[in-house]
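Everything on this sheet refers to the single structure shown next.
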Amino acid sequence: MRRQSKSFSLFVTISLLVISLVFILPIVFCIFTSFKESTEIIRDITFFPRKWSSVNYGYIFARGAKYLQYYLNTIIITVCSVAITLVLSALAGYSFARLPFRGNRLILSLILFLLAFPLCAILIPIYMMEFEIGLLNTYLGIILPNLLCILPFSIFIMRGTFIDMSSELEDSAEIDGCNAPQAFLHIMLPLAQNALIIVLVSGFYNVWGEYTIAKTLASKDSIMPISVALTLLKSEDWNYGVLAAAITMSIIPPITIFAIFQDKLVEGMTAGSIKG
Amino acid sequence: MLPTCIVLFVFVVYPVCYTFILAFSKYNFAFDRNMTFIGVQNFIDMFKDNQFLAALKNTMEFTLYMFVILVVLSLAIALLLFNKKEHSWFFRISIFMPIVVPASLICILFSFMLADNFGIINKFLMDIGLSRFTHNWLTDGETAKWCVIIVEIWGKVGFCTILFLSGLQNISVDLFEAAELDGAIGWKKLVYIIIPNIRETFVVVGIWAILQCLKLFVTPNVLTNGGPANSTLVMYQNIYNTAFNYFEMGYAAAQAFVLTALVMIFSILNMKIGKKEA
């Protein structure tokens, strides 16, 4: 191991501490604000709440039916998108890794190309298309384009994992009488667990916080996810306490999931982007 | 496999081709029944359009500043984390956390903190006796620009840091030891050992960062909505306005086309530079 001088290591710790604070303070501030009463927010402007009050959360659960609706929309959109992505990316990743077929490379490079494509270029025709077939302001209309955003990365992760796995395992399963789908389901998928987790988590936080698609394709309260709805309320509703409470409620799920799977996620994100 | 391909084809290949056709036509989605082919007229109009030119200029400006700050800052943080062997989980979590937090919500939060009369940042400045620096951050064009940049970097730097950190961890320990025996310490180590050995990471981070900069949309949209006086209007925002507020689909598609071309050019440039140095 390398040895470090004391002062250097102190310097590292202190700078890291400062940097971490910069990243963490806005979030802490948001959480604190959600526990303040509105006079305290506007007039006193303190960092710590003087008096902890749950009035904002009470408001959301008692009278803020629309907030709960937004929240529900976000949950529906996220869960559906992530579930579909898990299935599709596992299947597609496996096909790309194992099954030889014509046009394999072409489709793969097309998918890669997608990763770099600016969303707005395809959002215009998608909007017109959805308008024609009446998908605007439906869950499906938001879920499908969302899939488009998270699928390429997910397929890539899954493909990488299946390529790294030895094909002997699969062969031996086939000798034991599994057919290809059985081998995939019982042997390969359990082994790809880590990759599945990465797909799940990265898909989750991407869709959860998705803004552009939902902003374009959803204009009704009953469909709008919370990431868009709150930005509209920002200019209408000056009750910042309630707003902060809603923000807190909607940043906690992704942060929790991130904290749980942090190690695997960090590992996987790098793998995916380096290979990409 | 097949369903994936279908989804991709319906939602990618078709739209891309459609955008291409749209870019050469005039089509107002609200008024026109059919599109009319007008050749390169959209592209000619574009360069007479002050709105578009402002957006282009801002996008370039943002890309330049953000790119430099992102790369330098994330490399610095990665180096710090790399040198911190014990108890680094707290720092890791807090630095990487912004990646997963919904960007639009963070922007609301920041617009609240930066507010003129009741924002915590102005209040803090007053409390430490720097009241002459208090400012109406988001309504002054110059500072609004920097607010967008800072908020954007706050959310994006974590990902670049992860990439750099893994690049650093891939350098073999032997190499460091050998270098140290040869007397490479401090800056020398950084310049001669670390940077040449993470060149690949530089390319990946570079492409990713350029993409993010050019695709900048959420932060200026929520924080300032392109204002004040177009000072934070970016191309993406302009395309969005043209398409979904004025419904000039053809013109918007043409602009989207230019943005895509920019993305491609910068990515390829980045890869070429990375290769040349290797």
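All chains are named by letter (A, B, ...) in the order of the sequence lines, taking the proteins before the strands, and each is independently numbered beginning at 1.
- Just one residue in the list Thr161(B), Leu81(B), Ile77(B) forms a side-chain contact (heavy atoms from CB on, under 4.5 Å) with Ile19(A), and that residue is Ile77(B).
- Contact count against chain B (heavy-atom pairs under 4.5 Å) is highest for Leu16(A) among Ile24(A), Leu16(A), Thr216(A).
- When the options Cys107(B), Ser104(B), Ser111(B) are evaluated for a side-chain contact (heavy atoms from CB on, under 4.5 Å) with Thr231(A), the one that passes is Ser104(B).
- For Leu80(B), the parts lying near chain A are the backbone and the side chain together; criterion is any non-hydrogen pair under 4.5 Å.
- Between Phe112(B) and Leu243(A), every side-chain heavy-atom pair lies at or beyond the 4.5 Å cut-off.
- Residue Phe124(B) does not touch chain A at all, counting heavy-atom pairs closer than 4.5 Å.
- Interface residue Ala252(B): backbone and side-chain heavy atoms are both found under 4.5 Å from chain A.
- By the ring pair (Phe, Tyr, Trp, His ring centres under 6.0 Å) test, Tyr251(B) pairs with no residue at all, sequence neighbours left out.
- With contacts defined as side-chain heavy-atom distances shorter than 4.5 Å, the pair Thr212(A)/Tyr236(B) qualifies.
- Separating the OG atom in Ser202(A) from the CD1 atom in Ile99(B) is a distance of 11.0 Å, to the nearest 0.5 Å.
- Taking a 6.0 Å sphere around CZ of Phe91(B), one finds it holds more than 12 heavy atoms contributed by other residues, nucleotides or ligands.
- The line from CE of Met97(B) to CD1 of Ile251(A) is 7.5 Å long, rounded to the nearest 0.5 Å.
- Ranked by non-hydrogen atom pairs under 4.5 Å with chain B, the options Ala259(A), Gly209(A), Pro26(A) are led by Pro26(A).
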Report task. For the pair Val100(B) and Ile257(A), evaluate side chain to side chain contact (heavy atoms under 4.5 Å, CB included) and give the outcome as yes or no after the intermediate values. Result -> CA-CA 9 Å; Val100(B) 300; Ile257(A) 289 191; over 6 Å; no
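- In this structure, the portions of Ile95(B) lying under 4.5 Å from any heavy atom of chain A include both its backbone and its side chain.
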Query raised in the report: Please walk me through it: do Val12(A) and Phe82(B) pass side chain to side chain contact (heavy atoms under 4.5 Å, CB included)?
Result: CA-CA 10 Å; Val12(A) 168; Phe82(B) 184 62; over 6 Å; no
Result block: side-chain N/O donor-acceptor pairs under 3.5 angstrom for residues 216-224 of chain B, not counting sequence neighbours:
residue: Thr219(B); atom: OG1; partner: Glu152(B); partner atom: OE1; Å: 2.2
residue: Asn221(B); atom: OD1; partner: Tyr211(A); partner atom: OH; Å: 2.5
residue: Asn221(B); atom: ND2; partner: Gln237(B); partner atom: OE1; Å: 3.0
residue: Thr224(B); atom: OG1; partner: Pro220(B); partner atom: O; Å: 3.1
residue: Thr224(B); atom: OG1; partner: Thr232(B); partner atom: OG1; Å: 2.7

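- Residue Phe244(B) comes nearest to Ile124(A) through the heavy atom pair CZ-CA, 4.1 Å, listed as atom of the first residue, atom of the second, then distance.
- Looking at heavy atoms from C-beta onward, Phe23(A) lies in side-chain contact with Val157(B) at the 4.5 angstrom threshold.
- Among the candidates Ala246(A), Ala90(A), Ser227(A), the residue making the largest number of heavy-atom pairs closer than 4.5 Å to chain B is Ser227(A).
- Between Ile120(B) and Phe29(A) the shortest heavy-atom distance is CD1-CE1, 3.6 Å.
- Panel note: side chain Trp154(B), backbone Val22(A); a donor-acceptor pair is recorded below 3.5 Å.
- Within 6.0 Å of CZ in Phe131(A) there are 12 or fewer heavy atoms belonging to other residues, nucleotides or ligands.
- Listed here is the closest heavy atom pair of Cys30(A) and Leu109(B): CB-CD1, 3.4 Å.
- The shortest distance between side-chain heavy atoms of Phe8(A) and Asn83(B) falls below 4.5 Å.
- When side chains are defined from C-beta on, Pro102(B) counts as touching Pro254(A), because their heavy atoms get closer than 4.5 Å.
- When heavy atoms are compared at a cutoff of 4.5 Å, Ile252(A) does not approach chain B at all.
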